[in-house]
Amino acid sequence: MALKNIPYDQKYYDPEIECMPREELRAMQLERLQEMVAYAYENTVWYKRSFDEAGVKPEDIRALEDLERFPFIDKKTERDTQHVGSFFGEMCSVPEEEVIFMATSSGSTGVPTVSPFTQEDFDLWQDTEARLFWQAGMRPNDRYVHGLNFALYVGGPDVIGAQRLGALAIWVGAVPSDRLLFVLKQYQPTIIWTSPSYAWTLGEKAKEKGFDPKEDFNIHTIIVAGEPGGSIPSTRKAIEELWGAKVVDFFGLSDIYGACAAACEAHDGLHIVEDQILVETVDPETGEVLEPGSTGELVYTTLCKKARPMIRFRTGDIGYVSTEPCTCGRTLARIHVTGRKDEMFIVGAVNVFPTDVEYVVRAEAGLTGEYSIRVYDENYSTRYEVSVERAQGSDEPFDAVAARVGAALKAHTGVRPAKVIVYDAGKLGTSSEHKASRFIDERVRP
């Protein structure tokens, strides 16, 4: 598709969509929802069967709220139906010859799930990426390093969105740190996309190699995704101070496409592309739809994707939705993801998420910012311990570090960890070339 001819100082990539009055947006969503539900019913084996079993028909959608009557899907639905009857399975709405791209999930919660795209899906996806890149501050005169994995990962092709915007795209991918630092020094790119943990790790490795991330490179914006850190103020601030660059959080999921929500300058949630995705918040236990602003499980319905419609997809993400106007001027709703349903743990009747721990660790002085959490059963109760690293060159006694971190966690979460374990800098072993794994769940579940 041809590049849009947009003045560099224009704030919005597509102001008609990004600033559309809510009533007009809801009318657009309803029209697209009616079309998508009818399309899914007529073209998808699974949706026809599940709608019939639930006693609902496409014509039952007369208002957005009518979607509540339709059944949910989740990762188990995807796994159970893929490769059944055809390569892409019972949730695919088109013959395989119309699919031009596929991505897969990481498989971290089970068998990897396959996500197919038609050419129309793919083009719309990259138009959306261009819009979100523009929102992050990218312009055609930027040099952009795409530091995400290209191997089956749904975020890989997002680099095409940067090209569609007109930026110089440098397809680096998941490479060793030394190679990436060479690219940053040699080609002086201005924007990079990676995970929050790796943005921190890369900056620290740059300093170990004798570089000053603020002076020796030319990065003005770091896009992060894949982990919650980009929306945790203490983590974002730490990365920004390390690099002398702004951090912009993106959100996506393989079940739909790469990035489908992004922060703006207000850093008050991530604007989701509501012209293409309808968002609900439901009670994680009962599935009851909650009012906007209430915290619950986020549920998405695609309004345009043809290869595999996702109608009422339960993400497992816990958060809330803001629909009031944002100070940036965009009217698209903002999602606030506060944790994962499967990673929340309850200690002394208090709900705790890994993001609560990260907030404290990244805000405490004298720490490297690296951490891990171990959750386990003891005497019929749930306990948790946190491991951290004291800063490079610190001689603060380990027990003193443990005491103040434990107190800070108690103050922020309401429950003190059973133990805080302190390591020297670089000894914890959580730093990663890309996405870090920090949550160890040893609870015995029925």
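The first residue of the sequence shown is numbered 1, and numbering continues consecutively from there. Given the structure is predicted, the values throughout are model-derived calculations rather than measurements.
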- Task: For E208 and K205, run salt bridge (Lys or Arg N to Asp or Glu O under 4.0 Å): C-alpha distance rounded to whole Å, both residues' side-chain angles, the deciding distance at 0.1 Å, then the answer.
- Result: CA-CA 5 Å; E208 291 175 10; K205 289 190 175 183; over 6 Å; no
- In terms of heavy-atom contacts, A259 and T128 come closest through O-CG2, 4.4 Å
- Message: Do K306 and Y39 form a cation-pi contact, if we require the NZ or CZ to be under 6.0 Å from the six-membered ring centre and within 45 degrees of the ring's axis?
- Response: yes
- Got E297 and D283 here, is their nearest side-chain heavy-atom distance under 4.5 Å? no
- Hey, is K75 close enough to D80 for a salt bridge, meaning N to O under 4.0 Å? no
- If we only count heavy atoms from C-beta on, is the L33 to T301 side-chain gap below 4.5 Å? yes
- Task: Would you check if I239 and E241 make a side-chain contact, meaning some heavy-atom pair closer than 4.5 Å?
- Result: no
- Could you tell me whether the side chain of S322 and the main chain of E324 form a donor-acceptor pair under 3.5 Å? no
- Side chains of Q82 and T113: closer than 4.5 Å at any heavy-atom pair? yes
- Is R312 positioned over the aromatic face of F70, cation under 6.0 angstrom from the ring centre and no more than 45 degrees off axis? no
- Heavy-atom pair with the smallest gap, counting every atom of V183 and I170: CG1-CG2, 4.3 Å
- Would you check if the side chain of D142 reaches a backbone N or O of Y144 as a donor-acceptor pair within less than 3.5 Å? no
- Compute both the distance and the angle, then confirm whether R330 meets the cation-pi test with Y12: under 6.0 Å from the six-membered ring centre, within 45 degrees of the axis. no
- Would you name the heavy atoms of L298 and V321 that are closest together and state the gap between them? CD2-CG2, 3.9 Å
- Atom CD in Q29, atom CD in E24: separation rounded to 0.5 Å? 12.5 Å
- Message: Counting the benzene-type ring for Trp, do F133 and Y13 have ring centres under 6.0 Å apart?
- Response: no
- Query: Do the side-chain N and O atoms of E364 and Y371 include a donor-acceptor pair separated by under 3.5 angstrom?
  - Reply: no
- W171 ring center within less than 6.0 Å of H146 ring center: no
- Quick one: OG on S115 to NZ on K305, what's the gap to the nearest 0.5 Å? 3.5 Å
- Side chain to side chain, I277 and L303, heavy atoms closer than 4.5 Å: no
- Step by step, work out the side chain to side chain contact (heavy atoms under 4.5 Å, CB included) result for I311 and F51. CA-CA 11 Å; I311 297 175; F51 290 178; 4.1 Å; yes
- Message: Within the 4.5 Å heavy-atom criterion, are R26 and M28 side-chain neighbours or not?
- Response: no
- Task: Before accepting this row, confirm whether a basic side-chain N of the pair E78/R308 lies closer than 4.0 Å to the acidic partner's carboxylate O.
- Result: yes
- What pairs with H412 under ring pair (Phe, Tyr, Trp, His ring centres under 6.0 Å), at least two apart in sequence or on another chain? Y359
- Query: Taking atom types as modelled, is there a side-chain donor on T104 or Y153 under 3.5 Å from an acceptor on the other?
  - Reply: no
- Message: Contact between Y300 and I272 at the side-chain level, heavy atoms closer than 4.5 Å - yes or no?
- Response: yes
- Please say whether more than 12 non-hydrogen atoms of neighbouring residues, nucleotides or ligands are located less than 6.0 Å from CD in E291. no
- May I ask you to check whether T81 and E90 show a side-chain donor-acceptor distance below 3.5 Å? no
- Between V415 and Y384, the two heavy atoms sitting closest are O-OH, 2.9 Å
- Task: Report yes or no: does T44 contribute a side-chain atom to a donor-acceptor pair with the main-chain N or O of Y41 at less than 3.5 Å?
- Result: no
- Note on the structure: Tightest non-hydrogen contact, residues A136 and I223, listed as CB-CD1, 4.3 Å
- Message: Quick one: does any side-chain atom of S93 pair with a main-chain N or O of A40 as donor and acceptor, under 3.5 Å?
- Response: no
- Message: Check whether T201 reaches the backbone of S197 with its side chain - one donor and one acceptor, N or O, closer than 3.5 Å.
- Response: yes
- Message: D123 vs R164, test: side chain to side chain contact (heavy atoms under 4.5 Å, CB included). Steps then yes/no.
- Response: CA-CA 10 Å; D123 288 339; R164 188 157 294 182; 3.8 Å; yes
- Message: Between R416 and K410 (side chain of the first, backbone of the second, donor and acceptor by atom type, cut-off under 3.5 Å), is there such a pair?
- Response: no
- Message: When you measure from the side chain of T315 to the backbone of D317, do you find a donor-acceptor pair of N or O atoms at a distance under 3.5 Å?
- Response: yes
- Message: If the threshold is 4.0 Å, N to carboxylate O, is there a salt bridge linking E18 and K11?
- Response: no
- What are the two closest non-hydrogen atoms of T221 and K246, and how far apart are they? OG1-CE, 3.1 Å
- Is the backbone of Y187 close enough, under 3.5 Å, to the side chain of R143 for a donor and an acceptor to pair up by distance? yes
- Can you list the steps and then say if Y47 with I73 is a side chain to side chain contact (heavy atoms under 4.5 Å, CB included)? CA-CA 10 Å; Y47 283 116; I73 59 173; 3.4 Å; yes
- First locate atom CG of L202, then atom OG of S195, and finally report the distance between them rounded to the nearest 0.5 Å. 10.0 Å
- Item | D178/K209 ion pair, N-O < 4.0 Å | yes
- Message: Would you compute the distance between atom SG of C260 and atom CD of E274 and round it to the nearest 0.5 angstrom?
- Response: 12.0 Å
- Message: Are the side chains of S372 and V386 in contact, using a 4.5 Å heavy-atom criterion?
- Response: no
- Which value, rounded to the nearest 0.5 Å, describes the distance between R438 atom CZ and L428 atom CG? 8.0 Å
- Kindly state whether the ring of F101 and the ring of W125 have centres lying under 6.0 angstrom apart. yes
- Straight-line distance of D249 CG to C264 SG, nearest 0.5 Å: 11.5 Å
- Would you verify whether the NZ or CZ of K185 falls within 45 degrees of the ring axis of F211 while also being under 6.0 Å from that six-membered ring's centre? no
- Task: Determine yes or no for a side-chain-to-main-chain donor-acceptor pair under 3.5 angstrom, with W134 supplying the side chain and Q10 the backbone.
- Result: yes
- Task: Decide yes or no on salt bridge (Lys or Arg N to Asp or Glu O under 4.0 Å) for K207 and D216, but give the supporting numbers first.
- Result: CA-CA 10 Å; K207 292 198 298 183; D216 293 321; over 6 Å; no
- Message: Evaluate T235 against E358 for side-chain hydrogen bond (donor to acceptor under 3.5 Å, both in side chains), listing each step before the verdict.
- Response: CA-CA 8 Å; T235 298; E358 178 169 337; 2.7 Å; yes
- Whether D66 side chain and A63 backbone form a donor-acceptor pair below 3.5 Å: yes
